[in-house]
Amino acid sequence: MALACRHVLLSVFDYKTEKYVIAKNKKVGVLYRIIQLTILGYIVGWVFVTKKGYQDTEEAILSSVITKVKGVAFINTSSGSRFWGPEDYVIPQQGEAVFFITTNFIETPEQRLGYCAESIKVPDGHCRVNSDCPEGETVIAGHGVKSGRCLKKDSNSTGTCEIHGWCPVERSHKPKEPLLGKAENFTVYIKNFIRFPKFAFSKSNVLETANDTYLKRCLYDEVGHPYCPIFRLGDIVSRAGHNFQDMAVLGGAVGILIEWKCDLDKGYSQCHPQYSFTRLDASGPNSSMSSGYNFRYARHFKNPSGQSYRSLFKVYGIRFDIMVHGKAGRFSIIPTIINIGSGLALMGAGAFFCDMVLLYMMKNRTLYRERKFETDKNVNNNDKDLKAKEPNKQRSEFQQLTDLSPEN
Amino acid sequence: MALACRHVLLSVFDYKTEKYVIAKNKKVGVLYRIIQLTILGYIVGWVFVTKKGYQDTEEAILSSVITKVKGVAFINTSSGSRFWGPEDYVIPQQGEAVFFITTNFIETPEQRLGYCAESIKVPDGHCRVNSDCPEGETVIAGHGVKSGRCLKKDSNSTGTCEIHGWCPVERSHKPKEPLLGKAENFTVYIKNFIRFPKFAFSKSNVLETANDTYLKRCLYDEVGHPYCPIFRLGDIVSRAGHNFQDMAVLGGAVGILIEWKCDLDKGYSQCHPQYSFTRLDASGPNSSMSSGYNFRYARHFKNPSGQSYRSLFKVYGIRFDIMVHGKAGRFSIIPTIINIGSGLALMGAGAFFCDMVLLYMMKNRTLYRERKFETDKNVNNNDKDLKAKEPNKQRSEFQQLTDLSPEN
Amino acid sequence: MALACRHVLLSVFDYKTEKYVIAKNKKVGVLYRIIQLTILGYIVGWVFVTKKGYQDTEEAILSSVITKVKGVAFINTSSGSRFWGPEDYVIPQQGEAVFFITTNFIETPEQRLGYCAESIKVPDGHCRVNSDCPEGETVIAGHGVKSGRCLKKDSNSTGTCEIHGWCPVERSHKPKEPLLGKAENFTVYIKNFIRFPKFAFSKSNVLETANDTYLKRCLYDEVGHPYCPIFRLGDIVSRAGHNFQDMAVLGGAVGILIEWKCDLDKGYSQCHPQYSFTRLDASGPNSSMSSGYNFRYARHFKNPSGQSYRSLFKVYGIRFDIMVHGKAGRFSIIPTIINIGSGLALMGAGAFFCDMVLLYMMKNRTLYRERKFETDKNVNNNDKDLKAKEPNKQRSEFQQLTDLSPEN
């Protein structure tokens, strides 16, 4: 028992190596070397150097964006002249990643709750007689509830229902020119803080070396000032491939994409954001409804008697979405070994392919098959023989290619 | 030297192939073929066909969402009748991915800074004597600072402190019915632009083929109109498994999940969003505090003498969060080869397992072990012999299973 | 033909196993076992146990955040005393993931459109004579358009242009103390709903077992109350490594990072959020421009004659960004097999390395090379011989190491 254990223990440290047959077939040899070099070139050149397959990557980036728009414009409208600053045209004002710049608006001042005629452009408000306007029925896509009366210029024409709502109703006409076209010259200062939690790596897009004077005056330029985070709104829209003044009439949506590609093996200072710009709203020929960007808000007032009235604003403008994405990579042993391992397994597949070529397509294929595979044709006979002979002198069950028997 | 170099160079192109032993053991042979077919089926059927293991994937989707809510409601309250449009009940009004629809509210009009009694429902405001209300102390969870007086109906009862703040204080009662229950019929038009930066693939959820007429009238339906991005608010809540009118009393939060599963090998037009809906706020039996959704805002006014007053609104409503996620996949050589390589390595493990079965569990295992492993028992003797003989006629150091020596 | 087919079919189920040579070299044997144990330790200990390599992971987390700030403060300013509640100091009020707490402000009440002197601190507004202020020219970084007049105290000094805009202009002085320093004691209740779509796993950070009483009173503490989602603002800033009162003077930005690390193999209840805090805006010595956080908004009023006037607020404060990230993992067969496969391929590389050591560095290396590789030196002669002899008695083309010929 102890001897058996000792024998097993010692045999654990024997080294078993596979037996190889050398076939001096230069064609298959060269083919095999070519396959090996191709796989090596794929692993080193493509997987490791180009695709950085030795790195563990993270794409889930944490991002915080703070914006500040600067610029003022003086506007003359029918209701007087107005001076617009960021507190007026930026919505929301607190400087978030998604902000809207008013470029055009329709103001309906001093609306009061009362009775007035529905707008002629609302189909459900059309009527010929009073019964077309049932009292209490809400006008579909309209501005109030019907009061029961049909208001017409004369008895033969089509009129609109009298409604109870905020009067006078808003005149719905599509503007032709942007009132705040000067918004093209406004600037937005984008501060972006990012973090890759897997690598505990944080950075901001404002260079630590930038001083106040530079940041107060610079403007982003891809070639000259790639690290200045101040963008002129007109430049943003033109880099997205559109014209600011055209877009400003009915509004639109533009995306500012900030991309962080960080190879953390190269160090903290090598990680910089790239800015690109794209239009977000559909602008094809069939999409007149979905083009443009507008919404309404109201300012509420009360007169001395406590009665409410409001100014309704339908604002058109350009919405800017700042979208941050990125990928960080750092050397890690696991993806390295996975890629090396798959390369090694591929070498084995290459060897298998060359074996097939050697054993089934070469001139001496029968010969090579016989050399490679030791067969066992006499196992039944040899079993009986084995029991007869001494263990260390047993005849091989494998038929030797030179068949040598004691009788020979 | 040159001859040695030439010899090494030529030997580089020799082809070495492993030597195999064929054991005609049908049981292990069949077992090995079964293992091979299982691994092949796993690789082809599971990894490649089902899980698309040949694709490089990206889950970091860039998304921009623009919303527009439509619908009006007429409300009769104690403070008069009001006509509510999107500019009143949608907060914020600019159409973002996260928006709140007011379904209920408590209005406290015309609050002025002054002195009044704290609400009876504030525990820290209770008092019996003036000293219970130290001047200047802020009422915890209250509406102002204590003035030093305790206001009581009569001398024996418990009263509340007199406070300095916006008066009169808000009456805190839980509403029973939603004032804007008609919000169930409002519709929201969701425009979603997405981009997978790794594949430079962009798309919008509004079909390019959709024309204005269709988009003006359609409503989203999973079966009939899956590509119409206009949703009725009541449908959204019911698909999340809840009742709109119940939720509208105290408010809630609902998530609209937009999922983009894009197989980029199949083409641009095969990539469509799937919509699903879920409730976000806890609604279990223990969570009466955390159920509902409300906040306050104020409208400020000034009377002719310049004194400020305000109307405080406590609004309840349903908050809609549009959350976009997705996964894009495209054929790539690296994951393909990694999966093929791991399959090949698995074949090797299968062969090792069959070897173990053959060498340790079959009837002729001793025989198979002797055939498979060539041992080296005479290395010391054979070393001496080797030096004596000619190189091309040296005796094998491996003990032949037929022990043939010149003496035999 | 049928016989050939039957022969091929039967040979498919023959089991081929590689032939091995046992070299009783304990040094290489021990080296090989060490290499095997190292690889096994790497696979089991590092890849599977530490890095959970058997799991499929997802990092794309869907998140919805609802916040509610509580706290009130009484402020005495030059324009009167004011009582501030969340409806006043939280911007925006609807409880989103990004919210701003006002800690300081400059109020310019009752601005009217008119003519007044530009601020002395605006460089472009300086003038000596009227021609320095061309009519209609917008003041760069100013408050209006120049009217054509230069307003000076006396004829020799430098004055500022008269501008047409909102008058009086805002006095630009940097505040020294935070008016709402008491905001340090305000609390924010953070409700976070997350979902991992790949695993269809959803959870909220509010424990189902939490009852109202606990949630009304608790405060987050890393050790004592890690599952209480109510945070004191001063604690958040101090955990980010800064002082609230210092930050409150000119404002700043703080990130609240919520991390969800979920091992879904361990069950639903094992998945909890971890909170950490960091400052987001640069605060280095060179960044006086980018430090702080402020913006402006206006409240609009109308006097009885319908003339507009406004109160301009420049608010400073702390912006809180709640950023949610996470990683979920669940057992999956594909990454398990990929990692096992790469380990097996590595074993093969280890065997190759040990082969190199055995064949080129050991004492008996020539011997081992001859034993391992069967060469083919007589292939041309043996081709002729083969055609002459019977198939089952063909001489081996491999030169036997004991060269036994019929002549011997």
Side-chain angles (χ1 to χ4, degrees), chain A residues 16 18-26 28-30 32-33 47 51 53 59-60 91-92 98 100 138 144-145 165-166 253 255 280 282 284 286 288-290 295-298 300 302 304 321 323 325 338 341-342 345-346 348-349 355 358 372-376 379 393-398 404, chain B residues 12-24 58-60 62 64 66 68 70 72 74 81-83 85-88 92-96 110 191 193 197 202 204 206 208-212 215-216 299 301 303-304 334 337-338 340-342 344-345 364 367 371 373-374 401-404:
Chain A
K16 300 179 188 63
E18 293 149 348
K19 200 170 171 76
Y20 277 81
V21 165
I22 300 180
K24 289 190 180 297
N25 187 313
K26 291 286 180 269
V28 180
V30 167
Y32 185 54
R33 293 300 177 202
V47 176
K51 293 287 184 180
E59 283 179 3
I91 299 166
V98 175
F100 172 87
T138 308
V145 289
W166 289 103
L280 299 176
N286 276 345
S288 55
M289 168 181 171
S290 52
F295 60 93
R296 293 177 178 80
Y297 65 88
H300 292 263
K302 286 202 181 191
D321 262 55
M323 298 183 278
H325 64 285
I338 284 177
S342 62
L346 224 56
D355 278 358
L358 182 77
K372 185 175 167 74
F373 298 108
E374 288 193 13
T375 58
D376 155 38
V379 65
K393 288 196 175 175
Q394 277 181 354
R395 177 187 295 272
S396 162
E397 273 75 20
F398 297 111
L404 306 159
Chain B
V12 160
F13 295 110
D14 286 342
Y15 182 65
K16 301 179 188 61
T17 180
E18 292 149 348
K19 199 168 170 77
Y20 276 81
V21 164
I22 301 180
K24 290 190 179 296
E58 174 169 37
E59 284 180 3
L62 289 178
S64 166
I66 297 174
K68 197 166 177 116
K70 279 197 151 117
V72 292
F74 202 80
S81 56
R82 286 269 300 279
F83 189 73
E87 65 274 9
D88 300 306
Q93 295 110 335
Q94 58 265 26
E96 300 199 357
E110 305 211 8
K191 263 196 287 187
F193 166 92
S202 305
S204 165
V206 181
E208 296 82 10
T209 53
N211 56 37
D212 283 2
L215 286 176
K216 272 192 155 79
R299 287 182 190 156
F301 309 97
N303 58 23
I334 295 184
I337 283 183
I338 285 178
I340 289 178
S342 61
L344 293 176
N364 296 322
L367 213 65
R371 289 173 202 163
F373 298 109
E374 287 193 15
L401 287 171
T402 47
D403 191 26
L404 305 160

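Per chain, numbering begins at 1; letters A, B, ... match sequence-line order. Please read these numbers as outputs of a predicted model, since none were measured by experiment.
The distance from atom CZ of A/Phe100 to atom CD1 of B/Ile66, rounded to the nearest 0.5 Å, is 10.5 Å. Atoms CD and OH, from B/Gln93 and A/Tyr297 in turn, are 9.0 Å apart once rounded to the nearest 0.5 Å. To the nearest 0.5 Å, the span separating CD1 on A/Ile338 from CD1 on B/Ile334 amounts to 12.0 Å. Here the OG1-NZ distance, from B/Thr17 to A/Lys372, works out to 2.5 Å after rounding to the nearest 0.5 Å. A distance of 4.0 Å separates NZ of A/Lys24 from CG of B/Asp14, quoted to the nearest 0.5 Å.
Cation-pi check for B/Lys19 over A/Phe373 is not met; the charged atom does not lie both under 6.0 angstrom from the ring centroid and within 45 degrees of its normal.
Side chain of A/Arg33 to backbone of B/Val12: a donor-acceptor contact under 3.5 angstrom is found.
For B/Phe193, the part lying near chain A is the side chain, with the backbone staying farther off; criterion is any non-hydrogen pair under 4.5 Å. Looking at B/Pro304, only its side chain comes within 4.5 Å of chain A, counting heavy atoms on both sides. If you measure heavy-atom distances from B/Asn303 to chain A, you find no contacts under 4.5 Å at all. Using a 4.5 Å cut-off between heavy atoms, A/Ala60 makes no contact with chain B at all. Neither the backbone nor the side chain of B/Ser342 comes within less than 4.5 Å of any heavy atom of chain A. Only the side chain of A/Tyr32 comes within contact range of chain B, with heavy atoms under 4.5 Å apart.
Put simply, the side chain of A/His300 reaches to within 4.5 Å of the side chain of B/Asp88, judged on heavy atoms. Proximity of A/Arg296 to B/Pro86: side-chain heavy atoms (C-beta onward) are nowhere separated by under 4.5 Å. Side-chain contact between A/Lys302 and B/Glu110 is present, with heavy atoms from C-beta onward closer than 4.5 Å.
Heavy-atom minimum distance, B/Glu96 versus A/Val98: OE2-O, 4.0 Å. A pairwise comparison of heavy atoms in B/Lys16 and A/Ile22 identifies CG-CG1, 4.2 Å as the closest pair.
Under the 3.5 Å distance criterion, with hydrogens and angles disregarded, a donor-acceptor pair is assigned to the side chains of B/Tyr15 and A/Asp355.
Top candidate by heavy-atom pairs under 4.5 Å with chain B, chosen from A/Lys26, A/Lys51, A/Glu18, is A/Lys26. Between chain B and the options A/Ala298, A/Ala349, A/Ala345, the largest number of non-hydrogen pairs under 4.5 Å is found for A/Ala345.
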